[in-house]
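Below is one structure, written out as structure tokens; the observations come after it.
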Amino acid sequence: MRLPPAPARSGVMSMASLGSGSKGNGTLIRTREALVLVDCGFTLKESEARLARLGVHPSQLDAVLVTHEHGDHLGGIGPLARRHGVPVHLTTGTWLAGRAKKLGTLPSRHLITPQQEFAIKDLEILPVTVPHDAREPVQFVFSRRGETATRRLGVLTDLGHVSEHVLSCFADCDGLVLEFNHDPQMLASGPYPPSLKRRVGGRLGHLANAQACAALPYLGLERLQRLVASHLSESNNHPSLAREALAPWLADDDSRLIIAAQDSGFGWQAIA
């Protein structure tokens, strides 16, 4: 199935990435009124530099949304929030687990409930429970009404399998950041100890390339303007393997496909 034409330069929503992988993650979502950051796993200095690269000063952020307490997603949030007064939204379980991982005192903390939508300015946000080895992990679906239709953007990483609940919540997105963490053969022969290999490849770990691809027909390609292959393991995957796995679903047209990088993430992408 071929993906639709590229959207206009300015859109209903836009997304960009500070970086994606086991060394740190951060995804920006922007509308006309709102600017939020999903996760921040970088040092304060590195976070400020990566935001600047994308034309953002931390004081412009309306919120940081936290998916779960693992360090590559949460490690930089406390310092960023305290230095720049940014509100932080997270589940109760993530807050309780995150305090032990040096999240620390936050200037403005908002506890969110999975499956209960909330709004930040003109951006509607749905936290979705996902199967991952954290205390109360969620991923997010963002919605904003445009002139002719409501557009949906999903950020879906850090899950060991794609549950029916996840499929129902993330179906028919216009933009999707989807985990392509590992290639099973690379994971099996790679440097990780056996216990970590079992964790990564387990039902509460991370998605393999084939698992992510198998979900696409159920998530829907018809509306998809941007598909981001995200959270690739530097030890257990390679961009060429993710592209190869995706090729049958893109009908040899990968113009809408973006491979998120650990060092550079990806630049602003519009959802029209």
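Owing to the predicted nature of the structure, the values given are computational and were not obtained by experimental measurement.
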Exam field: side chain R243 to backbone D254, donor-acceptor pair closer than 3.5 Å = no
request  = Is it possible for you to say whether L51 and V36 belong to one hydrophobic cluster, with membership spreading through side-chain heavy-atom contacts below 4.5 Å?
outcome  = no
key: Backbone N/O of H165 and side chain of S168: donor-acceptor pair under 3.5 Å   = yes
task = Only counting residues at least two apart or in another chain, list the ones meeting salt bridge (Lys or Arg N to Asp or Glu O under 4.0 Å) with D183.
result = none
ask   = Partners of S233 by side chain to side chain donor-acceptor pair (under 3.5 Å), sequence neighbours excluded?
value = N236
ask   = If you measure from CG on L227 to CD1 on I259, what distance do you get to the nearest 0.5 Å?
value = 8.0 Å
ask   = With Q269, which residues qualify under side chain to side chain donor-acceptor pair (under 3.5 Å), at least two apart?
value = R226
message = Looking at A208, is its backbone amide N or carbonyl O close enough to the side chain of Q211 to form a donor-acceptor pair, meaning the two atoms are under 3.5 Å apart?
response = yes
request  = Run the numbers on T91 and L111 for side chain to side chain contact (heavy atoms under 4.5 Å, CB included), then give the verdict.
outcome  = CA-CA 5 Å; T91 65; L111 297 179; over 6 Å; no
task = State whether the side chain of K197 and the backbone N or O of G190 hold a donor-acceptor pair below 3.5 Å, judged by distance alone.
result = yes
inquiry  = I'd like to check the salt bridge (Lys or Arg N to Asp or Glu O under 4.0 Å) partners of E117; sequence neighbours left out, ordered by chain and number.
reply    = none
inquiry  = Less than 4.5 Å apart, side chain to side chain, heavy atoms only: is that true for V177 and I258?
reply    = no
request  = Salt-bridge test for E124 and R145: reply yes if a basic N is under 4.0 Å from a carboxylate O, no otherwise.
outcome  = no
remark   = Closest non-hydrogen contact found for L232 with A229 is CD1-O, 3.6 Å
task = Go through L167 and L219 one step at a time and tell me if the side chain to side chain contact (heavy atoms under 4.5 Å, CB included) criterion holds.
result = CA-CA 6 Å; L167 289 176; L219 294 171; 3.8 Å; yes
ask   = What about I271 and V38, same hydrophobic cluster or not, with Ile/Leu/Val/Met/Phe/Trp/Tyr joined at side-chain heavy-atom distances under 4.5 Å?
value = yes
ask   = Which residue pairs pass the salt bridge (charged side-chain N to carboxylate O under 4.0 Å, His left out) test with at least one member in residues 154-175, sequence neighbours excluded?
value = R151-D174, D174-R223
message = Regarding S22 and E234, do their side chains bring together a donor and an acceptor under 3.5 Å, going by distance alone?
response = no
query = Between R53 (side chain) and S264 (backbone), is there a donor-acceptor pair under 3.5 Å?
reply = yes
query = Between F142 and F140, how do the two ring planes meet: parallel, tilted or perpendicular, split at 30° and 60°?
reply = tilted
inquiry  = Testing the basics here: between L54 and G267, what is the closest heavy-atom pair and its distance to 0.1 Å?
reply    = CD2-CA, 4.0 Å
message = Which residues pass the side chain to side chain donor-acceptor pair (under 3.5 Å) test with R144, not counting sequence neighbours?
response = D122
message = Which residues pass the ring-ring contact (aromatic ring centres under 6.0 Å, His included) test with F118, not counting sequence neighbours?
response = H89
task = Would you check, one step at a time, whether the test side-chain hydrogen bond (donor to acceptor under 3.5 Å, both in side chains) holds for S163 with H161?
result = CA-CA 6 Å; S163 65; H161 67 280; 5.4 Å; no
ask   = For the hydrophobic clusters of this structure (ILVMFWY residues joined by side-chain heavy atoms under 4.5 Å, transitively), does one cluster hold both V56 and V155?
value = no
ask   = Are the side chain of E179 and the backbone N or O of T157 linked by a donor-acceptor pair below 3.5 Å?
value = no
ask   = Mind checking whether L187 and V200 have side chains closer than 4.5 Å, heavy atoms only?
value = yes
ask   = Roughly how far apart are S59 OG and H84 NE2, rounded to 0.5 Å?
value = 7.5 Å
query = If you round to the nearest 0.5 Å, how far is CG of L65 from CG of D39?
reply = 8.5 Å
remark   = The salt bridge (Lys or Arg N to Asp or Glu O under 4.0 Å) partners of R32 (sequence neighbours excluded) come to none
query = OG/S240 to CG/N237 distance, rounded to the nearest 0.5 angstrom?
reply = 8.0 Å
key: Backbone N/O of H57 and side chain of Q60: donor-acceptor pair under 3.5 Å   = yes
inquiry  = Would you say that D133 contacts H70 through its side chain, given a criterion of any heavy-atom pair below 4.5 Å between the two side chains?
reply    = yes
Linked, directly or transitively: L204 and L156 (ILVMFWY side chains, under 4.5 Å) = no
request  = Sequence neighbours left out, what pairs pass salt bridge (charged side-chain N to carboxylate O under 4.0 Å, His left out) with at least one residue falling in residues 70-95?
outcome  = E48-R83
query = Given side chains that start at C-beta, do those of L80 and L61 come closer than 4.5 Å, heavy atoms only?
reply = yes
key: Spacing of H73 atom NE2 and T27 atom OG1 [to the nearest 0.5 Å]   = 9.0 Å
inquiry  = Do T31 and V12 make a side-chain contact, defined as non-hydrogen atoms from C-beta onward lying under 4.5 Å apart?
reply    = no
ask   = Only one of T94, L96, T92 forms a side chain to side chain contact (heavy atoms under 4.5 Å, CB included) with R135, so which one is it?
value = L96
task = Taking the side chain as every heavy atom from C-beta outward, state whether R50 and S47 have any atom pair closer than 4.5 Å.
result = no
Ring pair (Phe, Tyr, Trp, His ring centres under 6.0 Å) contacts touching residues 195-214 (sequence neighbours left out) = H132-H206, H206-H231
message = Restricting to non-hydrogen atoms, name the atom on V141 and the atom on C169 that form the minimum distance, rounded to 0.1 Å.
response = CG2-O, 3.7 Å
query = Got a sec, which pairs hit ring pair (Phe, Tyr, Trp, His ring centres under 6.0 Å) with one end in residues 166-187, sequence neighbours left out?
reply = none
inquiry  = Which residues pass the side chain to side chain donor-acceptor pair (under 3.5 Å) test with Q139, not counting sequence neighbours?
reply    = none
key: side chain to side chain contact (heavy atoms under 4.5 Å, CB included) evaluation trace for V66 with V88   = CA-CA 7 Å; V66 191; V88 177; 3.7 Å; yes
query = Transitively linked via ILVMFWY side-chain contacts under 4.5 Å: V86 with L106?
reply = yes
task = Take L18 and L37, measure what side chain to side chain contact (heavy atoms under 4.5 Å, CB included) needs, and give me the verdict at the end.
result = CA-CA 9 Å; L18 279 64; L37 175 63; 3.8 Å; yes
task = Spell out, as yes or no, whether a donor-acceptor pair under 3.5 Å connects the side chain of R152 to the backbone of A171.
result = yes
task = Indicate whether any N or O donor in one side chain lies under 3.5 Å from an N or O acceptor in the other, for S20 and S230.
result = yes
note = So CG of N209 and CG of L178: to nearest 0.5 Å the spacing works out to 10.0 Å
task = May I ask you to test the M15-F266 pair for a side-chain heavy-atom distance under 4.5 Å?
result = yes
task = Compare all side-chain heavy atoms of W95 with those of E136 and state whether any distance is below 4.5 angstrom.
result = no
ask   = Above 12 or not: heavy atoms from other molecules or residues under 6.0 Å from CD of Q185?
value = no
message = Taking CD in E33 as the centre, count heavy atoms belonging to other residues, nucleotides or ligands within less than 6.0 Å. Is the count above 12?
response = yes
